Amino acid sequence: MTDLIADLEARNLIHDSTDREALRQSVAAGPVGIYYGCDPTADSLHVGNLIGLVVLRRFQDAGHQAIALAGGATGMVGDPGGRSEERNLLDQETLDHNVARIKGQLGRIVDLSDPARGILVDNRDWTEPITVLEFLRDVGKHVTVNQMLARESIKVRIESEHGISFTEFSYMLLQANDYLHLHDAHGCSIQIGGSDQWGNIISGVDLIRRKRHAAVHAFSWPLLTASDGSKLGKTTGARTWLDPEKTSPYALRQHFVQTADDDVRQQLLTFSLRPIAEIEEIAAAHLEAPQRREAQRTLAHDVVSLVHGEGAAVAAADAADLLFTSDPTGASEEAFDVLAGEIPSSRIAAGDVGDPVATLVATGLASSNGDARRGLDQRAFSVNGAKMDEGTDLAVVERLHGRYLLLRKGKKSHHLVEVFS
RNA sequence: GGGCGAGUACCCAAGUGGCCAACGGGGGCAGACUGUAAAUCUGCUGGCAUACGCCUUCGGGGGUUCGAAUCCCUCCUCGCCCA
């Protein structure tokens with residue numbers, strides 16, 4: 001990559017930045033340390049964090065040092081941005097657990113095996129030892145409350161009915177101190193984050209300029225929103241996680257396959273490591289024949305491959321093909337073996353198969369007997385491709401390959417039942 | 001410390017003694033239409049029950065009443081104002 005910054009600009013991944021020319025020259029001049037931080041508020045990263053990780057990856061591929069920061073300390077305090085109420089504080093034990101899990105997920109996207117290429121740090125390591133007095137003198141002295149109050153994230157909270165605690169108010173100082181530490185200890189000179197982080201990021205840049213008289217850089221990407229305005233990865237319902245235990249590779253694939261036409265080009269630019277020219281070709285082909293969903297398929301493949309590996313991406317694609325494009329009753333036994341590993345599945349004794357309501361609840365496709373009955377009423381469920389009703393006796397439904405029942409709710413939820421005797 | 005106000009289901013929010021499992025909106029799920037898209041229209045959205053109905057729920061606890069989300073007491077949490 002001759003000009004990484006230009007590439008990112010073309011991908012619409014730069015929203016705000018410090019002096020653009022200085023940033024460009026710094027990146028072009030040689031390897032730099034670049035840092036992206038996320039707070040371990042859950043035991044898994046989600047697709048919202050993926051942008052940062054992919055940007056780190058792009059820098060790493062260009063020979064720079066990626067610094068992934070797990071915010072063990074800031075996670076204890078809570079970022080006031082983007083919410084109207086105080087966070088619930090997490091305890092040490094939970095944070096430890098979360099950081100450990102996140103490290104595994106991170107390591108697949110960003111190479112952490114060679115410290116010169118990438119490292120994972122936890123800001124508790126340098127934040128915990130600082131005393132309150134040191135912090136107030138060394139960090140607090142360099143920042144005016146006036147500036148802090150001017151930040152959008154703070155302003156919003158002050159005007160909200162719940163207000164903001166001093167704890168969360170202090171968050172940006174901790175993050176500023178992180179950047180200072182990484183600058184001193186690792187020579188880090190770029191910080192990145194979503195545009196909602198810009199205030200916090202700039203605080204760090206200012207702090208370093210005041211204390212070290214050094215000009216460091218930063219940029220943010222536009223907060224990813226779907227064309228319907230919802231915040232990606234934070235859809236009210238189920239989040240899409242990077243941990244395969246929480247969101248299977250198949251489910252992750254489905255999340256991206258279902259991307260809206262209007263969003264798919266931008267998402268490819270954001271998440272795919274393919275060159276821009278190739279993505280533009282795919283986008284152009286997609287405009288010609290959107291119903292083929294080739295762009296969505298490419299996007300889904302690239303993301304799953306990045307997060308879980310090529311093998312998982314292919315397996316997830318095969319499972320999806322079986323469920324959506326071909327007749328499940330004609331699928332081979334081997335295909336079902338694979339499918340069982342990709343979609344939710346369960347084993348049920350032959351004697352327990354019969355009543356559709358009980359079976360639907362047992363598989364989790366319905367949340368309660370009432371939910372199952374409502375769904376059956378609305379003809380939402382099918383077994384082996386045939387619609388079910390309350391009278392369907394699953395015991396007499398012919399099992400595929402002698403042992404499988406493929407249950408479906410709506411168009412998108414599947415569950416494979418293996419019947420044993 | 002004092003005064004005022006608020007806490008309702010996933011979220012916002014109506015309801016101020018029975019017609020309340022609780023208006024409305026959002027979100028979610030499903031059906032029709034489709035391309036595993038969007039838009040649109042329709043249905044559903046506490047649990048048990050085929051059903052009559054029963055049970056649990058309106059910040060926590062206690063009370064008044066035949067009957068409470070609604071009235072009283074108390075506690076907790078939060079906001080605004082005064083000190």
Side-chain angles (χ1 to χ4, degrees), chain A residues 82-89 156-168 225-240 248 250-268 282-283 285-301 303-304 316-328 339 342-344 354-358 360-361 363-382 385 387-393 406-415:
Chain A
R83 48 177 55 230
S84 59
E85 292 181 41
E86 285 279 316
R87 281 173 194 259
N88 295 319
L89 297 181
V156 168
R157 284 288 300 277
I158 285 179
E159 285 160 10
S160 84
E161 67 174 313
H162 298 284
I164 180 172
S165 69
F166 183 72
T167 306
E168 289 194 13
T225 50
S227 52
D228 60 6
S230 65
K231 209 171 167 185
L232 195 95
K234 283 194 174 177
T235 42
T236 47
R239 255 194 188 188
T240 305
S248 70
Y250 169 79
L252 181 68
R253 181 194 159 80
Q254 288 307 100
H255 173 90
F256 282 96
V257 165
Q258 285 158 15
T259 300
D261 290 345
D262 292 346
D263 300 331
V264 71
R265 176 177 166 275
Q266 181 56 51
Q267 296 233 18
L268 274 167
I282 295 169
H286 180 255
L287 273 181
E288 290 296 310
Q291 70 280 7
R292 294 183 60 208
R293 310 182 65 74
E294 281 307 319
Q296 279 92 340
R297 280 183 232 279
T298 304
L299 170 68
H301 174 273
V303 172
V304 177
D318 287 347
D321 282 346
L322 172 59
L323 293 174
F324 288 101
T325 64
S326 56
D327 177 11
L339 196 59
E342 292 296 326
I343 67 171
D355 177 33
V357 172
L360 289 170
V361 172
T363 59
L365 278 178
S367 62
S368 67
N369 293 358
D371 189 39
R373 289 209 180 85
R374 278 191 292 272
L376 287 166
D377 237 27
Q378 298 179 133
R379 320 238 339 125
F381 296 105
S382 60
K387 287 288 183 191
M388 297 165 69
D389 58 43
E390 279 205 54
T392 304
D393 184 358
L406 185 60
L407 300 175
R408 192 165 71 116
K409 177 193 180 195
K411 290 189 179 74
K412 298 172 188 169
S413 309
H414 298 84
H415 190 103

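Below, chain A is the first sequence line, B the second, and so on; all start at residue 1. All figures in this text were calculated on a predicted structure; none of them were measured in a lab.
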Mind checking if [X] touches a base, just sugar-phosphate, or nothing, with heavy atoms under 4.0 Å?
{"X": "A/Arg379", "value": "sugar-phosphate"}
{"X": "A/Ala289", "value": "nothing"}
{"X": "A/Gly375", "value": "nothing"}
{"X": "A/Glu390", "value": "nothing"}

[atom1]-based separation of [M] from [N] [nearest Å]:
{"N": "B/U64", "M": "B/U50", "atom1": "C1'", "value": "41 Å"}
{"N": "B/G18", "M": "B/G79", "atom1": "P", "value": "33 Å"}
{"N": "B/G62", "M": "B/C12", "atom1": "P", "value": "27 Å"}
{"N": "B/U34", "M": "B/C48", "atom1": "C1'", "value": "38 Å"}
{"N": "B/G27", "M": "B/C10", "atom1": "C1'", "value": "8 Å"}
{"N": "B/U16", "M": "B/A22", "atom1": "C1'", "value": "13 Å"}
{"N": "B/G25", "M": "B/C78", "atom1": "P", "value": "33 Å"}
{"N": "B/A21", "M": "B/C44", "atom1": "C1'", "value": "15 Å"}

If I take atom [atom1] in residue [X] and atom [atom2] in nucleotide [N], what distance separates them, rounded to the nearest angstrom?
{"X": "A/Arg408", "N": "B/G31", "atom1": "CZ", "atom2": "P", "result": "8 Å"}
{"X": "A/Lys411", "N": "B/G35", "atom1": "NZ", "atom2": "C1'", "result": "11 Å"}
{"X": "A/Leu299", "N": "B/G35", "atom1": "CG", "atom2": "P", "result": "21 Å"}
{"X": "A/Glu288", "N": "B/A37", "atom1": "CD", "atom2": "C1'", "result": "17 Å"}
{"X": "A/Phe324", "N": "B/U36", "atom1": "CZ", "atom2": "C1'", "result": "5 Å"}
{"X": "A/Glu294", "N": "B/U36", "atom1": "CD", "atom2": "C1'", "result": "13 Å"}
{"X": "A/Ile343", "N": "B/U36", "atom1": "CD1", "atom2": "P", "result": "17 Å"}
{"X": "A/Phe381", "N": "B/A30", "atom1": "CZ", "atom2": "P", "result": "9 Å"}

Side-chain (A/Arg297) to main-chain (A/Arg292) donor-acceptor, under 3.5 angstrom:
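Judged by distance alone, yes, a pair lies under 3.5 Å.
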
Check whether A/Asp389 reaches the backbone of A/Thr392 with its side chain - one donor and one acceptor, N or O, closer than 3.5 Å.
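Yes, A/Asp389 side chain to A/Thr392 backbone: donor-acceptor pair under 3.5 Å.
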
[N] pairs with, by Watson-Crick or G-U criteria that keep both distances under 3.5 Å:
{"N": "B/C44", "value": "B/G28"}
{"N": "B/U36", "value": "none"}
{"N": "B/C66", "value": "B/G18"}
{"N": "B/C78", "value": "B/G5"}
{"N": "B/A49", "value": "none"}

Counting only side-chain heavy atoms from C-beta out, which of [options] sits nearest to [X]?
{"X": "A/Gln254", "options": "B/G35, B/A30, B/U36", "value": "B/U36"}
{"X": "A/Pro290", "options": "B/G35, B/A30, B/C33", "value": "B/G35"}
{"X": "A/Ala320", "options": "B/G47, B/U36, B/C29", "value": "B/U36"}

Measure centre to centre between the rings of A/His415 and A/Phe381, then say whether the value is under 6.0 Å.
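No; A/Phe381 has its ring centre 6.0 Å or more from that of A/His415.
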
Could you pick out which residue, A/Arg373 or A/Val257, lies toward the 5' side of RNA chain B when each is mapped onto its nearest nucleotide?
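Result: A/Val257.
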
Mapping A/Asp371 and A/Asp261 onto RNA chain B by nearest heavy atom, which one lands closer to the 5' end?
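Counting from the 5' end, the first nearest nucleotide belongs to A/Asp261.
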
Tell me whether the OP1 or OP2 atom of [N] has a side-chain N or O from [X] closer than 4.0 Å.
{"X": "A/Lys412", "N": "B/A37", "value": "yes"}
{"X": "A/Asn369", "N": "B/A49", "value": "yes"}
{"X": "A/Arg374", "N": "B/G47", "value": "yes"}
{"X": "A/Arg292", "N": "B/G35", "value": "no"}
{"X": "A/Ser368", "N": "B/G46", "value": "no"}

Taking all heavy atoms of A/Arg379 and all of A/Met388, pick out the closest pair and write down the distance.
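So the two residues come closest at NH1-O, 4.1 Å.
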
List the steps and the verdict of side chain to side chain contact (heavy atoms under 4.5 Å, CB included) for A/Glu294 and A/Ile282.
CA-CA 8 Å; A/Glu294 281 307 319; A/Ile282 295 169; 5.7 Å; no

Go through A/Asp355 and A/Val361 one step at a time and tell me if the side chain to side chain contact (heavy atoms under 4.5 Å, CB included) criterion holds.
CA-CA 10 Å; A/Asp355 177 33; A/Val361 172; over 6 Å; no

A/Asp371 vs A/Ser367, side-chain hydrogen bond (donor to acceptor under 3.5 Å, both in side chains): CA-CA, chis, key distance, verdict:
CA-CA 6 Å; A/Asp371 189 39; A/Ser367 62; 3.3 Å; yes

Walk me through whether A/Thr240 and A/His255 qualify under side-chain hydrogen bond (donor to acceptor under 3.5 Å, both in side chains).
CA-CA 7 Å; A/Thr240 305; A/His255 173 90; 2.9 Å; yes

Can you find a donor-acceptor pair, distance only, under 3.5 Å between A/Asp377 side chain and B/G43 base?
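In this structure, the two groups form no donor-acceptor pair.
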
